[in-house]
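Before any comments, here is the structure.
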Amino acid sequence: MPELPEVETVRRSLAGRITGLTIEKVELRLPKIAIALPGTLFTDALGGRRIIELGRRGKYLLLHLDGDETLVIHLRMTGRLIHLRPEERGAPEPAHTHAVFFLDDGSLLRYTDVRQFGTLTLMATAAALQQPGKGRLGPEPLAEDFSFPDFRNALAKRKTKLKPLLLDQSFLAGLGNIYADEALARAGLHPDRTADALDDEESRRLYDCIRTVLQEGIDAKGTSFRDYVDGEGRKGEFQEKLWAYGRERNPCRRCGGEIVREKRAGRSTHFCPRCQK
DNA sequence: ACGTTGTCCTGTCTGC
DNA sequence: TGCAGACAGGACAACG
């Protein structure tokens with residue numbers, strides 16, 4: 001599941017390969033995944049556009065194009081964006097390839113998605129930077145201006161439990177099920193704790209652990225628990241460093257207690273009942 | 001404001 | 001072994 005560290009890794013792996021190239025043609029095999037500006041055809045709108053820069057906001061990958069428009073890509077769970085150099089473009093096309101971008105250096109960008117949940121949306125760059133999805137996005141957890149006092153104040157305003165709160169993209173952008181569980185595990189906080197009941201020290205731990213776990217995820221080039229690979233088709237390594245996610249019935253790395261997996265808000269939630277209080 | 005459920009989708013796993 | 005059903009989940013809508 002591409003979360004912030006995975007999307008950032010895709011961004012970095014693609015940036016050096018496709019920045020500055022022009023999209024000559026797009027083949028869209030599954031039209032429902034693509035959304036263009038009203039009254040325009042997605043494939044027509046992208047042809048001839050130059051890729052200026054690759055950005056990211058939360059879990060959204062942003063391909064900034066000339067003409068002040070941006071292709072907003074959300075990979076959801078199983079989306080993949082793989083770049084093939086000119087000499088690699090004969091490689092067999094994977095199943096579930098929904099869009100192919102032909103670039104002017106002879107290379108290809110293939111978009112595949114088994115579950116068809118991901119989306120490609122073309123919109124004005126200003127709109128993409130402000131709000132790439134339907135709802136408002138919360139702060140970027142790794143940005144310099146994401147301060148502890150702000151986070152502490154935001155926590156104090158919310159009566160909801162930590163697990164659903166961390167998954168709420170309007171509260172904080174970029175955490176998904178894996179990194180939410182990891183941040184809570186590292187912070188030693190129970191997923192059912194109520195946000196406004198955290199004291200200063202606990203809030204500080206959560207703030208620090210969210211940032212640490214995301215940065216370590218990026219450093220390890222993402223978590224390849226099931227499907228995820230970067231823009232060059234490479235798996236990440238953070239799955240080897242997880243404390244909680246996917247480790248049910250295994251010993252807690254901090255206290256040796258048994259990690260459990262229980263449903264919270266419809267999602268599997270992994271934690272150590274002994275040391276996450 | 002908060003919590004839950006349903007929707008989308010298909011590959012993989014589980015149970016009989 | 002084969003098949004049916006459950007499960008995985010990010011964003012969003014709808015409802016209580």
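Numbered from 1 within each chain, the chains take letters A, B, ... in sequence-line order.
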Check the distance between [N]'s [atom2] and [X]'s [atom1] and give it to me in whole angstrom.
X	N	atom1	atom2	answer
A:Lys263	B:dG6	NZ	P	13 Å
A:Arg264	B:dT4	CZ	C1'	14 Å
A:Leu137	C:dG10	CG	P	15 Å
A:Leu75	C:dA11	CG	P	11 Å
A:Lys59	C:dA11	NZ	C1'	8 Å
A:Asp113	C:dA11	CG	P	13 Å
A:Glu3	C:dA8	CD	P	15 Å
A:Lys157	B:dC2	NZ	P	12 Å

Are there any protein N/O atoms within less than 3.5 Å of an N/O atom in nucleotides 11-14 of chain B, and if so, which ones and at what distance?
unit_1, atom_1, unit_2, atom_2, d
B:dG11, OP1, A:His96, NE2, 2.9

What residues from residues 163-186 of chain A pass a heavy-atom cutoff of under 4.0 Å to DNA chain C?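 DNA chain C contact set from residues 163-186 of chain A: A:Gln169, A:Asn177.
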Heavy atoms from C-beta onward define the side chain here; which of C:dG10, C:dA8, B:dC2 lies closest to that of A:Arg115?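 Among C:dG10, C:dA8, B:dC2, the one nearest the side chain of A:Arg115 is C:dA8.
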Considering only C:dA8, B:dC9, C:dA11, which nucleotide approaches the side chain of A:Phe117 most closely?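 For the A:Phe117 side chain, the nearest candidate turns out to be B:dC9.
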Could you verify whether a donor N or O on one side chain and an acceptor N or O on the other, from A:Thr9 and A:Asp230, lie under 3.5 Å apart?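 Not at all, the side chains of A:Thr9 and A:Asp230 share no donor-acceptor pair under 3.5 Å.
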By ring-ring contact (aromatic ring centres under 6.0 Å, His included), which residues pair with A:Tyr60, not counting sequence neighbours?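 Residues passing ring-ring contact (aromatic ring centres under 6.0 Å, His included) with A:Tyr60: A:His74.
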Which part of the nucleic acid, if any, lies within reach of A:Thr78 when heavy atoms closer than 4.0 Å are counted: base, sugar-phosphate only, or nothing?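 Since no nucleic acid heavy atom lies under 4.0 Å of A:Thr78, the category is nothing.
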Applying side chain to side chain donor-acceptor pair (under 3.5 Å), can you list everything that pairs with [X], at least two apart in sequence or on another chain?
X	answer
A:Asp196	A:Lys159
A:Arg205	A:Glu201
A:Glu182	none

Can you run down the ring-ring contact (aromatic ring centres under 6.0 Å, His included) pairs that involve [range], sequence neighbours left out, and say none if there aren't any?
range	result
residues 90-142 of chain A	none
residues 118-146 of chain A	A:Phe146-A:Phe151, A:Phe146-A:Tyr207
residues 258-277 of chain A	A:His190-A:Phe271, A:Tyr245-A:His270

Between C:dA11 and A:His74, is there an OP1 or OP2 to side-chain N/O distance shorter than 4.0 Å?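 Answer is yes, contact under 4.0 Å.
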Please list all pairs passing the salt bridge (charged side-chain N to carboxylate O under 4.0 Å, His left out) test where one or both residues lie in residues 89-98 of chain A, with sequence neighbours left out.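 Passing the test, one end in residues 89-98 of chain A: A:Arg29-A:Glu93.
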Indicate, yes or no, whether a donor-acceptor pair under 3.5 Å links the base of B:dA1 to the side chain of A:Arg158.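 Side chain to base: no pair present.
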For A:Lys221, does the NZ atom have more than 12 heavy-atom neighbours from other residues, nucleotides or ligands under 6.0 Å away?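 Check fails, neighbour count at 12 or below.
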Any Lys/Arg nitrogen of A:Arg56 or A:Glu6 sitting under 4.0 Å from an Asp/Glu carboxylate oxygen of the other?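 Judged by the 4.0 Å cut-off on N to carboxylate O distance, A:Arg56 and A:Glu6 do not form a salt bridge.
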Enumerate the protein-to-nucleotides 12-16 of chain C contacts in which both atoms are nitrogen or oxygen and the separation is below 3.5 Å.
unit_1, atom_1, unit_2, atom_2, d
C:dC12, OP1, A:Lys134, N, 2.7

Under the side chain to side chain contact (heavy atoms under 4.5 Å, CB included) test, residues paired with A:Arg136 that sit two or more places apart: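 Here the qualifying residues are A:Gln130, A:Gln131.
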